[in-house]
There are 2 protein chains.
Amino acid sequence: MFTKSCQYAIRAVIYMTEQKESLKNIGVKEMADSLQVPQQFLAKILQQLSKHNLISSVKGPNGGFYISEANGKVTLLDIVECIDGKAALSSCILGMPKCDSEHPCPLHHHFYGSREGLKTTLSSCEIGEMLNGKLC
Amino acid sequence: MFTKSCQYAIRAVIYMTEQKESLKNIGVKEMADSLQVPQQFLAKILQQLSKHNLISSVKGPNGGFYISEANGKVTLLDIVECIDGKAALSSCILGMPKCDSEHPCPLHHHFYGSREGLKTTLSSCEIGEMLNGKLC
DNA sequence: CGAATAAAGGATAAAAGTATCCGAAATTCG
DNA sequence: CGAATTTCGGATACTTTTATCCTTTATTCG
């Protein structure tokens with residue numbers, strides 16, 4: 001479904017929203033330890049999210065990652081598309097180069113609904129709302 | 001969603017059901033050409049399906065792959081699980097080692113439904129029925 | 001300023017998935 | 001039988017993903 005990179009990204013973001021009370025920045029080390037994922041690999045992923053302004057970061061002592069006001073509108077769909085690419089949830093399920101409602105692959109109609117439902121669910125998960133306790 | 005191997009497998013099986021009228025066996029070359037996928041790679045995949053008795057095959061001249069009576073009950077879910085593994089559609093969407101309704105990951109409840117729906121759709125696609133024109 | 005800290009970024013290595021090559025085994029047909 | 005055909009099976013190469021290593025850059029604090 002999702003790549004490992006993407007799973008780590010989602011888990012890290014959820015972890016960050018759960019640590020909201022502690023108003024300090026969260027370091028990669030802490031996250032990697034808590035989530036039990038490889039630290040350097042997670043660092044790359046967080047940097048990618050940060051570079052695309054989905055989360056925020058500060059360098060130096062007491063630095064780390066945090067969720068800014070502007071990041072509040074970011075959704076889980078944004079996270080997924082940033083890490084796995086837009087095609088991950090939109091390209092043909094059978095890998096056909098051209099597949100849409102007019103030129104559908106044999107399974108197009110059977111899976112279009114659940115794919116769209118998935119995207120709807122992901123796009124309804126805003127980081128800002130997750131900070132307030134409600135996940136989706 | 002599915003690996004390329006799995007996409008090829010599904011497409012090949014669908015192709016075979018569409019060629020039912022021509023009562024001859026279907027060779028890898030014909031399928032690879034029609035589906036525009038690498039022939040040797042497709043061969044491996046078909047061999048794997050054949051070894052697990054999801055499709056049937058005969059060697060030699062005029063040989064190839066075919067769908068036996070017994071293969072009629074095989075579903076697309078069987079195909080997917082044979083190629084991508086059972087975990088592909090059943091393991092935690094966030095990759096957590098233990099994730100079930102009692103110890104759910106943060107997204108478990110949000111995606112359990114659509115995952116099960118996906119599996120239900122796939123398991124309702126029997127090869128035998130596809131031979132008769134109805135895909136799912 | 002200088003040392004310590006933590007993200008950023010480049011390079012490399014390991015693992016998994018994708019793809020190709022080639023010979024062996026089985027079957028058909030002349 | 002012998003040649004041709006086609007799946008079967010092992011080995012190898014290429015590509016992407018996953019993971020690690022190490023240096024640079026920015027920031028904090030004494």
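Letters go in sequence order (proteins before strands), and every chain restarts at 1.
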Legend entry - Side-chain-base donor-acceptor pair under 3.5 Å for A/Q47 and C/dA8: yes
Legend entry - Gap between atoms CD and P, on B/Q36 and C/dA19 respectively (whole Å): 14 Å
Legend entry - B/D84 CG to B/I79 CD1 distance, which is reported to the nearest 0.5 Å: 11.5 Å
Legend entry - Expected output: side-chain A/N25 to main-chain A/Y66 donor-acceptor under 3.5 Å: no
Legend entry - Shortest side-chain distance from B/K59, nucleotide among D/dT20, D/dC8, C/dA8: D/dC8
Inset, instruction - Fill in the dot-bracket string of DNA chain D, one character per base: . for unpaired, | for a pair to another strand, ( ) or [ ] for pairs within the strand, taking Watson-Crick or G-U pairs under 3.5 Å. - result: ||||||||||||||||||||||||||||||
Legend entry - B/P61, nearest nucleotide to its side chain (from D/dA11, C/dT28, C/dA6): C/dT28
Inset, instruction - For A/K29 and D/dT20, give me the distance from atom NZ to atom P, rounded to whole Å. - result: 13 Å
Legend entry - Neighbour count >12 (heavy atoms, 6.0 Å) for atom OH, B/Y15: yes
Inset, instruction - Nearest-nucleotide wise, let me know which of B/G60 and A/G64 is further upstream toward the 5' end of DNA chain C. - result: A/G64
Legend entry - Length of the CD1-C1' vector between A/I55 and C/dA8, whole Å: 13 Å
Legend entry - Protein-nucleotide distance (A/Y66, atom OH; D/dT27, atom P), rounded to Å: 11 Å
Inset, instruction - Between D/dC22, D/dC29, C/dC29, spot the one nearest the side chain of B/N62, thanks. - result: C/dC29
Legend entry - Among C/dT20, C/dA8, D/dC21, the one nearest A/K44 by side-chain distance: D/dC21
Inset, instruction - Find the distance B/F41:CZ to D/dC8:P and express it as a whole number of Å. - result: 16 Å
Inset, instruction - Grab the CD-C1' distance between B/Q40 and D/dC14 for me, whole Å please. - result: 15 Å
Inset, instruction - Please lay out, stage by stage, how B/R11 and B/I14 fare under the test side-chain contact (heavy atoms from CB on, under 4.5 Å). - result: CA-CA 5 Å; B/R11 290 176 58 192; B/I14 291 176; 5.8 Å; no
Inset, instruction - Rounded to the nearest angstrom, tell me the gap between atom CG in A/L42 and atom C1' in D/dT17. - result: 16 Å
Inset, instruction - Take atom CG of B/L49 and atom C1' of D/dC8, then tell me their distance rounded to the nearest Å. - result: 14 Å
Legend entry - Side-chain donor-acceptor contact under 3.5 Å, A/K44 with A/S5: no
Legend entry - Under 3.5 Å donor-acceptor, B/R115 side chain and B/S91 backbone: yes
Inset, instruction - May I ask you to verify whether the side chain of B/K51 and the base of D/dG9 hold a donor-acceptor pair under 3.5 Å? - result: no
Legend entry - Of residues 1-11 of chain A, the positions that come close to DNA chain C - non-hydrogen atoms, cut-off under 4.0 Å: none
